[in-house]
Amino acid sequence: MDRNETNNKIEKDPSSFLQRIVEKDLNEGVYSRGICTRFPPEPNGYLHIGSAYAINISYNIAKKYGGEFNLRFDDTNPLKEDKEYVDAIIDDMKWAGFDPKDRIFYGSDYFQQLYDYAMELVKKGKAYVCDLSAEEIRQYRGTLTEPGKNSPYRDRIIDENVDLFTRMKEGEFKTGEKVLRAKIDMKSPNMNLRDPVIYRILHEAHYRQGNQWCIYPMYDYAHPLQDAIEGVTHSLCSIEFKDHRPLYNWTLEELEFNEPPKQREFGRMNLTGVITSKRYLRELVAGGYVDGWDDPRLPTLRGMRRRGYTPESIKHFLGEIGISKDESTVDVSMLEHSVREDLRDTAPSMMAVMNPLKVIIENYPNDQKELLEVQNHPKNPDMGTRNVTFSNTLYIEKDDFMEKPEKGFKRFAPGHEVRLRGAYFIQLTEIIKDDSGEITELRCTYDPETKSGSGFTERKPKATIHWVDANNAISAEARLYDKLIEEEALLKDKTLSWEERINPDSLKVLTEIKMEKALGEAKSEDKFQFIRQGFFTVDNKHTSGEKLIFNRIVPLKDSWKKGKK
RNA sequence: UGGGGUAUAGCCAAGUUGGUAAGGCAGCGGAUUUUGAUUCCGUCAUUCGUAGGUUCAAGUCCUGCUACCCCAGCCA
C-alpha cells in the first residue's frame, strides 16, 4: 500500500515545456517515425547526479510517448576517452533504473559515414581545408564584439579541397597541420558560425577504433549527424548548447536530411554544496583527495549508491525538482528528503552510536547478559525483530548527554531519567572525567521494572536514546566504519588514530583541508569548498550473530544532531 | 545596442485562448510518539525583477529599464 503510493509519486509526471514541444510535434505529425531521444555521454568520467538529471529527462520523454531511448557514447575525442568509463556508465544507468537495453551506440562507429558526409560538404563547396594554425584561427575568428575575417584558404577550389581532405584522412599530414572547416560566416555574431572546425588531424589511437583514423570529427559537426543516423527526433541537451543550435541545423540542412532531429535545451541543475562538474570530480579522484569515483562523499551515482541512496530516491528527487529553461541550484535538503522518504518505510531502523560515551550500570550484575528483542521497524511489524545483547557496560552517543543541560535539552543529564530504546530506564549517579576534564564515563542505575515491553507506565521519560552493548560495540564501531568504506581505509592517512578515523567530524575537517589544496587555482572557490559530508547515521544494519552488516547510510535531518529548543 | 538565454517566496517550481498566485523542500506554531525521527493539524507571495502602458480585469499582452547566465577549444 505504502509502496504503491510512493511509486505513484515517483511516476508522477510534472508537465514541462519539453513535453509540450514533443506533443506539438506529435499532433502536427512532424515525424513519420516514432519519438526517439538519446543520452550522449562522453566516456571520460563517471555519471553523477547531474547526469542522472539529464538522463531522466530524455528517458522519461521517450517512455511517456512510447518512443525509443538511446544511450550513445559521444566518443569522438581519442585523447580523453576510455572503455573503463563506458562500462561504468552502462552499469550505473542500469542500477539507477535507466536501462538502455540493446540500444547502446557509439558515435565513433559512424566515423566512415561522418567522413562521407563531410566529403559531400566539401564537394558542395560548403567546407574547406584550412592551413592556418590553431593560434591563427583564433586570431582570425575575431572577438565577441568584433567580426572575424576570412581565412586565406577559404576560397580554395573544390577539387583542391577534395584532394587535401582525402590526404588528411590518408595520414599525409601531421597532427594539427590542417583542419576541415565549415564555410559559413566569419562575420556572424554567433561565434559558432564563424567557419567552425569540423575535422582535425590527430595521430592518436582511439579506444574503440584503434588506429583506423587519424582525423576526428568535432562535436558540433558529429552530433547532429549521429542523432540523424540513429533516427533521434528530439535531441535534448543543456542550455549552454543553445548557441550551437544554428550549427546543428546548418549541418542537417546542408546534408538535406528528411525530418531532421531537433535540438532543444533545458537548464542545468546544480545542488547546493555539491560539485557536479566532471572536471572537478576527475581532479579529486586523480589527485587522491577522495578514495575513487565511488567515494561516498562524491555525488557520483556510484558514490551515492555506497552512501545509501536508492535508485527510487534519486528518481523521486528528479521528478520533484522539475525542469526549466534556466539554470537552477536546488537545495540539497530536497535530495536528502527523498532518501529519507524512501528509506523511512523500507529500511530497518537500528541503533547506532557514532561517537561513543561509556555508560556503566552499577546495579546490573557484572556477569549478567541478556537478550532483548527489538523491533526492526517502529511501524512495520512485518519487518520482524532482532535480538540485541544488554550488559552493565554500554555506549551511548556523546551528544545524547549534557552535564549542564541547555534549556530544552530532553536527553540524558543529571536528574533526567531516559529510556534506553528497547531496554530500560536509566538514571545518572556519577560522571567520570579524565585529567583534562573530558567526560569519559557515566555511572548509572537502571530500573528493572521499566523493561521494554513490560507494560510499565508509571513514569515516562522525556527522551529515548540509542545505545549499544559495549561488548559488541567496540568491534561494531570499527565495522561500521570499515563497512562504510567497504573494508578499505577511506583515509589513507595512517597517522590518524583509529578513533579519529571513525569520527565523522574529523573526517569532515580533513576533507575540507584537502579540498583547499585541491582548489589550487580553481576559478570558483565556493563550488569546491565542500564535498558534502553531512551527518551519517546507520539506518539499516542487520545483526546476524555477532556480525553487523550495514547496507545503507542515511543523512539525518540536522535537528536530530542539534536538538530542538 | 556583439549575439543568445532566464527572471514567480530562503530553494525548486506550476501557471499556455488575459478572469483574480498550485505543489514540494526548508522554516515556524501545536498534537501524538519507546528514535527531538515518523505521523497529524495549522501557518508561510494583497503579489509575480523593475517602471510605465493597454484592459472591466495582467504573472500572462505592449514599451522602456535592470540583474544574472552562456559564447572568442583543432573539448564535449
Side-chain angles (χ1 to χ4, degrees), chain A residues 9 14-17 20 40-42 44 74-77 79-81 130 132-135 137-139 141-148 175-181 188-194 196-202 216 218-220 222-223 237-246 265 267-269 272 278-279 317 319-338 340-341 344-345 349-351 374-375 378-379 400 408-411 419-423 425 452-453 460-466 537 539 556-557 559-565:
Chain A
K9 266 193 195 166
S15 68
S16 75
F17 69 99
R20 256 172 263 136
E42 182 180 21
N44 67 345
D74 207 343
D75 52 358
T76 55
N77 181 355
L79 264 16
K80 290 186 176 176
E81 296 142 7
C130 181
L132 254 26
S133 69
E135 174 60 28
I137 287 181
R138 189 182 317 136
Q139 284 164 3
R141 186 156 33 224
T143 67
L144 294 176
T145 51
E146 301 156 34
T175 293
E177 202 176 323
K178 293 182 191 317
V179 292
L180 184 71
R181 294 229 252 167
S188 171
N190 183 344
M191 300 294 278
N192 297 300
L193 264 21
R194 318 244 260 230
V197 172
I198 59 177
Y199 261 96
R200 57 174 169 166
I201 300 171
L202 215 49
Y216 291 92
M218 304 299 291
Y219 167 87
D220 279 316
H223 207 86
C237 63
S238 48
I239 199 72
E240 69 266 29
F241 290 103
K242 185 97 183 174
D243 290 343
H244 297 240
R245 193 151 113 189
E265 309 81 11
R268 293 183 74 91
M269 189 272 296
T272 56
K278 259 193 197 173
R279 193 199 125 198
F317 166 73
E320 204 76 342
I321 61 176
I323 310 160
S324 70
K325 291 181 193 169
D326 198 14
E327 185 166 5
S328 65
T329 303
V330 177
D331 197 305
V332 76
S333 65
M334 280 220 216
L335 214 211
E336 292 174 348
H337 169 260
S338 288
R340 270 189 254 109
E341 187 176 78
R344 176 186 69 210
D345 302 326
S349 155
M350 309 295 178
M351 293 189 287
V374 185
Q375 276 218 326
K379 290 195 171 158
D400 282 347
F409 184 79
K410 288 168 36 177
R411 286 162 285 164
R419 184 199 302 273
L420 294 175
R421 184 155 198 250
F425 296 3
S452 181
K460 212 167 189 183
K462 282 200 192 116
T464 300
I465 64 173
H466 280 211
T537 189
D539 205 318
L556 263 184
K557 281 185 102 161
S559 61
W560 189 85
K561 261 302 221 212
K562 286 190 299 216
K564 253 176 136 181
K565 279 284 161 87

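Proteins come first, then strands; the chains are lettered A, B, ... in the order of their sequence lines, and each starts at number 1.
- In this model, the phosphate group of B:A13 is approached by a side-chain N or O of A:S324 to a distance below 4.0 Å at OP1 or OP2.
- Judged by atom type and distance alone, A:K379 reaches the base of B:U38 through a side-chain donor-acceptor pair under 3.5 Å.
- Residue A:R138 places at least one side-chain N or O under 4.0 Å from the OP1 or OP2 atom of B:G73.
- Contact annotation: A:H337 reaches the phosphate of B:C25 (side-chain N/O to OP1 or OP2, under 4.0 Å).
- Residue A:S328 is classed as a sugar-phosphate contact, given heavy-atom separations below 4.0 Å to backbone atoms only.
- Using a 4.0 Å heavy-atom distance criterion, A:I321 is classed as a sugar-phosphate-only contact.
- Side-chain nitrogen and oxygen atoms of A:R340 include at least one within less than 4.0 Å of the OP1 or OP2 phosphate oxygen of B:A26.
- Close to B:U34, at under 4.0 Å from its OP1 or OP2, lies a side-chain N or O of A:K460.
- Residue contacts shown for A:K410 include a base, since a base heavy atom lies under 4.0 Å away.
- Using a 4.0 Å heavy-atom criterion, one finds that A:S133 contacts the bases of the nucleic acid, with or without backbone contacts as well.
- As judged by a 4.0 angstrom heavy-atom cut-off over every strand, A:T329 is placed among residues touching the sugar-phosphate backbone only.
- At a threshold of 4.0 angstrom between heavy atoms, the contacts of A:N190 with the nucleic acid are absent.
- B:G73 takes the syn form, because its glycosidic angle lies no more than 90° either side of 0.
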